[in-house]
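Report on one structure; see the data block that follows.
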Amino acid sequence: MERIAFFDTKPYDRVWFDKLNQHYNIKYFEHKLNEDSVSLANGCSAVIPFVNDTLNADVIEALYQLGVKIIAMRCAGYNNVDRNAAKERIPVVRVPGYSPYAVAEFTMGLLLTLNRKIHKAYFRTRDFNFSLNGLVGFDLHGRTVGVIGTGKIGQIFIRICRGFGMHVLAYDPYPIPDADFSYVSLEELLQRSDIISLHCPLTEQTKHIINKESIAQMKDGAILLNTSRGMLVESEALLDALKNGKIAGAGLDVYEEETEFFFEDRSDMIKRDTILSLLVSMPNVVLTSHQAFLTTEALHNIAKVTLENLDAFFQNGTVSNAIV
Ligand code: NAI
């Protein structure tokens, strides 16, 4: 039986892998994969990392030296993988789309929470405070949403927004032919949207796509949603815009420097990231811990496709869903 090292394991990760796994001896490690923990893969022919694991050149070289034959990412994004380092060393596969609905629906959840202040109302009524002061939102119907990235998740988010009667503007350097929504330039999208939602991958081109300059082009009082990757947004510029009201609210499921914090209970941490502390303390920010993917369907599909990727490799010698 092939031995597989599974990194950054949480109880909810194991459920479907344990149910569906037939062929592998999976070693579940709570540690994230990095230079210090890579030796745990000793004796394993594959590793299963997640979004906040480190797969830089040193870690990949160490995996290669340990005899690891394949890296099976249990996620869609792969910005944490040094693909050049992996090339001609270890194939890297992923789960390209395990539940675009999970992420798109969660994005709308963030928007509704933020706009209608459901998070505040929840705490008020628990305290027997039934005042409505400060809870005024606006109708989404008739508003314009700008969607940056019209792949699997972006397209579903567009459909959801249309269900609310919103106008949609989209930007993507690789537009879908015959799309039934309008593509505009990034500049026009920034200028015309009441709500801007990020659904593109993190690449050299998209790093800090939301920065001081792009924020300056936005409508006053725009709302920003980011359920894609933290580095798409320059956090300090966002913080300034939230403070001066240029951006009226932000729904964030990801954060630039999330690796050290997200998925973990850090409530006893004294030395906290200053920008993250400020963001979570702001009344017009709803910040969640990279949980947009977290549905039963998504966890099932992640386990299913990851195990299929391993089967294809170990049983047929095929590399399916490869990124390298
Ligand atoms: P996808 O690959 O189907 O779509 C990405 C789209 O972004 C493509 O249409 C592509 O052409 C476009 N794009 C590429 N460069 C761009 C640029 N410079 N500007 C605008 N658009 C650009 O990916 P999918 O499945 O829709 O996922 C989108 C992102 O969502 C992923 O890259 C990942 O970062 C994030 N994600 C977040 C999750 C969470 O739990 N918060 C879970 C899963 C994905």
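Remember, it's a predicted structure, so these values are computed and weren't measured experimentally. Heavy atoms only: backbone and side chains are in, while hydrogens, waters and symmetry mates are out. When a ligand or atom number is given, it counts from 1 through the structure's own listing order.
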### Atoms in ligand 1 with a heavy atom of T150 nearer than 4.0 Å
9 (O)
### Query
What about T227: any of its N or O atoms under 3.5 Å from an N or O on ligand 1?
yes
### atom 4 (O) of ligand 1 - nearest protein heavy atom and its distance
G151 CA, 3.1 Å
### Summary
Note: Y98, heavy atoms under 4.0 Å from ligand 1, region reported as side chain
### Any N/O pair Q205/ligand 1 closer than 3.5 Å
no
#### Entry: Nearest-neighbour protein heavy atom for atom 44 (C) of ligand 1, which is reported as residue plus atom name and distance
I153 CD1, 3.7 Å
### Task
Applying ring pair (Phe, Tyr, Trp, His ring centres under 6.0 Å) between H199 and each of F157, Y171, F106, report the one that passes.
F157
### Message
Angle between ring planes, W16 versus H300, binned at 30° and 60°: parallel, tilted or perpendicular?
### Response
perpendicular
### Task
Starting from atom 33 (C) of ligand 1, find the nearest protein heavy-atom neighbour and note its residue, name and distance.
R229 NH1, 3.7 Å
### Message
Would G77 count as a polar contact of ligand 1, with the cut-off being nitrogen or oxygen pairs under 3.5 Å?
### Response
no
#### Entry: V93 side chain near F313 side chain, heavy-atom distance below 4.5 Å
no
### Query
If you draw the axis of the six-membered ring of F181, does the NZ or CZ of R162 fall within 45° of it and under 6.0 Å from the ring centre?
no
### Message
If I apply the N/O under 3.5 Å rule, does F293 come out as touching ligand 1?
### Response
yes
## Note on the structure
Looking only at heavy atoms, the pair that brings V92 and A86 closest together is CG2-CB, 3.7 Å
### Query
Any idea which heavy atoms bring Y24 and N21 closest together, and the distance?
O-ND2, 2.7 Å
### Task
Give the minimum heavy-atom separation between R89 and E61, together with the two atoms involved.
NE-OE1, 2.5 Å
### Message
Parallel, tilted or perpendicular, judged at 30° and 60°: which one describes the rings of H290 and F50?
### Response
tilted
### Message
So, regarding D172 and ligand 1 (criterion: nitrogen or oxygen to nitrogen or oxygen, under 3.5 Å), is there a contact or not?
### Response
yes
### Query
If you measure from atom 5 (C) of ligand 1 to every heavy atom of P201, S289, G230, G149, which option wins on shortest distance?
P201
### Query
Which residue supplies the protein heavy atom nearest to atom 23 (O) of ligand 1, what is that atom called, and how far is it?
K152 NZ, 4.3 Å
### Summary
Out of A170, A292, S228, the nearest non-hydrogen contact to atom 30 (O) of ligand 1 is supplied by S228
### Summary
Here the pair of heavy atoms bringing T288 nearest to F262 is O-CE2, 3.5 Å
### Message
Suppose we measure from atom 28 (C) of ligand 1 to each protein heavy atom; which comes out shortest, and what is that distance?
### Response
H199 O, 3.4 Å
### Query
Mind checking whether P173 has a heavy atom under 4.0 Å from ligand 1?
yes
